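Contents: one structure, followed by commentary.
Bear in mind the structure is a predicted one, so any value in this text is a computation, not a measurement.
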Amino acid sequence: MITMENIILEGSPALREPAEEITFPISEDIKTLGQEMLEFLKNSQDAELAEKYQLRAGVGLAASQLNVSKRMIAVHIPSDNDDTSEPLLSTIMINPKIVSHSVQSACLSDGEGCLSVNRDVPGYVPRHSRITVTYFNLNGEKQKIRLKNYSAIVVQHEIDHTNGIMFYDHINKEDPFHLDEDVSILS
Ligand code: 4LI
Ligand code: NI
């Protein structure tokens with residue numbers, strides 16, 4: 001089971017290295033790791049399990065954050081309504097790639113957090129509002145999906161990890177809450 005002890009923190013060089021493409025056929029080790037990453041996110045969002053195992057809640061995780069330099073991410077985004085309905089997005093993506101994106105940008109009103117960053121870094125993180133992503137699922141099948149708003153932001157944050165990029169790289173240094181034209185704020 002993945003816990004916080006498995007997640008490397010900023011300062012670890014691996015978080016700044018571009019991860020390697022995963023080759024086919026996908027190994028059993030990679031499949032198991034992907035499933036465990038998604039399981040971690042679910043556990044971290046479960047109040048009882050999070051308390052029991054001292055997990056910080058997250059909606060996205062990249063293999064790079066586990067010191068595995070492979071291009072794989074997991075995303076588990078609960079629906080914004082009630083917890084009985086199915087999640088907005090719950091998936092493991094292998095070799096994810098943004099193939100097109102909107103001109104319009106968006107950012108979270110409260111900024112971003114990261115399981116590899118144990119401090120608050122204030123500021124807006126502008127990202128594409130809408131993206132089209134291709135990736136391979138654990139069965140090795142190519143997928144193509146369109147995402148918007150929160151889901152698009154989370155997937156961009158995780159794909160950044162596979163490229164050695166941290167969310168605060170996108171925060172305006174002189175004016176962390178500066179907003180360009182055509183950046184909307186998601187609340
Ligand atoms: C408990 C149970 C306020 C502050 C609001 C918590 C279930 C911040 C937001 C959660 C913020 C769940 C999140 C991310 C932010 C802030 C990630 C709580 C888990 C909100 C996810 C990757 C950025 C993703 C919206 C500094 C660990 N997640 N909040 N950012 N939630 N969560 N990110 N921003 N301000 N990070 O962090 O998983 S993209 Cl679901
Ligand atoms: Ni992160």
Side-chain angles (χ1 to χ4, degrees), residues 1-45 55-77 87-102 105 108 112-119 121 125-128 130-148 150-171:
M1 190 189 119
I2 294 172
T3 67
M4 300 313 293
E5 292 183 359
N6 302 113
I7 298 178
I8 60 172
L9 300 175
E10 55 174 344
S12 299
L15 284 176
R16 288 312 200 167
E17 290 160 8
E20 290 199 349
E21 292 263 332
I22 290 172
T23 55
F24 297 87
I26 300 158
S27 73
E28 286 304 316
D29 283 3
I30 290 288
K31 289 183 191 177
T32 303
L33 180 66
Q35 285 161 345
E36 286 183 350
M37 286 166 60
L38 192 59
E39 199 60 39
F40 168 87
L41 295 174
K42 293 175 185 174
N43 292 346
S44 82
Q45 294 173 25
L55 308 177
R56 198 179 133 194
V59 288
L61 184 66
S64 297
Q65 294 178 272
L66 301 167
N67 216 3
V68 176
S69 197
K70 303 276 190 194
R71 304 185 75 83
M72 177 166 64
I73 68 173
V75 176
H76 187 79
I77 305 179
L88 251 182
L89 180 65
S90 183
T91 190
I92 298 154
M93 299 186 183
I94 289 170
N95 298 340
K97 194 176 169 195
I98 296 169
V99 294
S100 69
H101 63 77
S102 59
S105 298
L108 299 178
E112 293 189 13
C114 176
L115 296 172
S116 294
V117 179
N118 285 336
R119 64 193 170 103
V121 187
V125 181
R127 298 191 183 277
H128 309 303
R130 294 176 298 280
I131 56 176
T132 301
V133 183
T134 61
Y135 65 95
F136 293 85
N137 65 19
L138 289 188
N139 297 323
E141 298 159 340
K142 192 171 184 177
Q143 310 289 309
K144 188 176 189 174
I145 55 168
R146 273 190 228 2
L147 299 171
K148 61 179 181 182
Y150 190 48
S151 300
I153 286 174
V154 173
V155 167
Q156 287 171 84
H157 177 119
E158 302 313 327
I159 291 177
D160 269 356
H161 278 305
T162 70
N163 292 322
I165 296 167
M166 301 293 285
F167 72 90
Y168 44 74
D169 298 347
H170 299 291
I171 299 177

Any donor and acceptor pair, going by atom type alone, linking the side chain of N163 with main-chain N or O of D160 inside 3.5 Å?
no

Please determine whether side-chain contact (heavy atoms from CB on, under 4.5 Å) holds for the pair I7 and S116, giving the CA-CA distance in whole Å, both sets of side-chain angles, and the decisive distance to 0.1 Å.
CA-CA 7 Å; I7 298 178; S116 294; 3.7 Å; yes

Could you check S64 against H161 for side-chain hydrogen bond (donor to acceptor under 3.5 Å, both in side chains), going step by step and ending with a plain yes or no?
CA-CA 7 Å; S64 297; H161 278 305; over 6 Å; no

Search all heavy atoms of G58 against all heavy atoms of S44 and return the closest pair with its distance.
N-OG, 3.1 Å

Kindly indicate whether the side chain of L61, heavy atoms from C-beta on, has any atom under 4.5 Å from the side chain of L66.
yes

Distance from L38 atom CG to L33 atom CG, nearest 0.5 Å?
11.5 Å

So do L108 and V125 actually touch side chain to side chain, heavy atoms under 4.5 Å?
no

Whether the side chain of T162 engages the backbone of I159 through a donor-acceptor N/O pair (distance < 3.5 Å, no angle test) should be reported.
yes

Minimum heavy-atom separation for S69 and P18, please, with both atom names.
OG-O, 3.8 Å

What is the distance from atom OG of S151 to atom CD1 of I77, rounded to the nearest 0.5 Å?
4.0 Å

Determine whether more than 12 heavy atoms belonging to other residues, nucleotides or ligands lie under 6.0 Å from atom CZ of R16.
yes

In this structure, are over 12 heavy atoms from other groups packed under 6.0 Å from E17 atom CD?
yes

Show the numbers, then the answer: is there a side-chain contact (heavy atoms from CB on, under 4.5 Å) between L89 and Y150?
CA-CA 10 Å; L89 180 65; Y150 190 48; over 6 Å; no

Is there a donor-acceptor pair under 3.5 Å between the side chain of S12 and the backbone N or O of I8?
no

Taking side chain as C-beta onward, heavy atoms only, is I2 less than 4.5 Å from M37?
yes

So, for N137 and Y135, which heavy atoms are closest and what is the spacing to 0.1 Å?
N-CD1, 4.1 Å

Counting only N and O atoms by type, is there a donor-acceptor contact under 3.5 Å from the side chain of Q45 to the main-chain atoms of F40?
no

Is it true that K70 and D29 have a side-chain N and a carboxylate O under 4.0 angstrom from each other?
no

Under 3.5 Å, which donor-acceptor pairs link side chains of residues 91-102 to any protein atom two or more places apart or in another chain?
| unit_1 | atom_1 | unit_2 | atom_2 | d |
| --- | --- | --- | --- | --- |
| N95 | OD1 | I22 | N | 2.8 |
| N95 | ND2 | E21 | OE1 | 3.4 |
| N95 | ND2 | I22 | O | 3.0 |
| S100 | OG | T132 | OG1 | 3.3 |
| H101 | ND1 | H128 | ND1 | 3.2 |
| S102 | OG | Q104 | O | 2.8 |
| S102 | OG | S129 | N | 3.3 |
| S102 | OG | R130 | N | 3.0 |
| S102 | OG | R130 | O | 3.4 |

Do the non-hydrogen side-chain atoms of V117 and M166 ever get within less than 4.5 Å of each other?
yes

Taking CD in E5 as the centre, count heavy atoms belonging to other residues, nucleotides or ligands within less than 6.0 Å. Is the count above 12?
no

Is the closest side-chain heavy-atom distance between R146 and I131 below 4.5 Å?
no

When rounded to the nearest 0.5 angstrom, what distance separates OG1 in T3 from CZ in R56?
14.0 Å

Distance col, row E10:CD vs C114:SG, nearest 0.5 angstrom, shows 8.0 Å

More than 12 non-hydrogen atoms from neighbouring residues, nucleotides or ligands closer than 6.0 Å to NZ on K31, yes or no?
yes

Do the side chain of S105 and the main chain of P126 share a donor and acceptor less than 3.5 angstrom apart?
no

A side-chain contact here means heavy atoms from C-beta on lying under 4.5 Å apart; do I30 and M72 qualify?
yes

Can you list the residues that meet the salt bridge (charged side-chain N to carboxylate O under 4.0 Å, His left out) rule with R71, with sequence neighbours excluded?
none

Establish, for the pair R119 and Y168, whether the NZ or CZ atom is under 6.0 angstrom from the six-membered ring centre and no further than 45 degrees off its axis.
yes

Measure the CE-CG distance between M1 and N6 for me, rounded to the nearest 0.5 Å.
9.0 Å

Measuring from atom CD of Q156 to atom CD of E112, what distance do you get when rounded to the nearest 0.5 angstrom?
9.0 Å

Side-chain (Q65) to main-chain (A62) donor-acceptor, under 3.5 angstrom:
yes

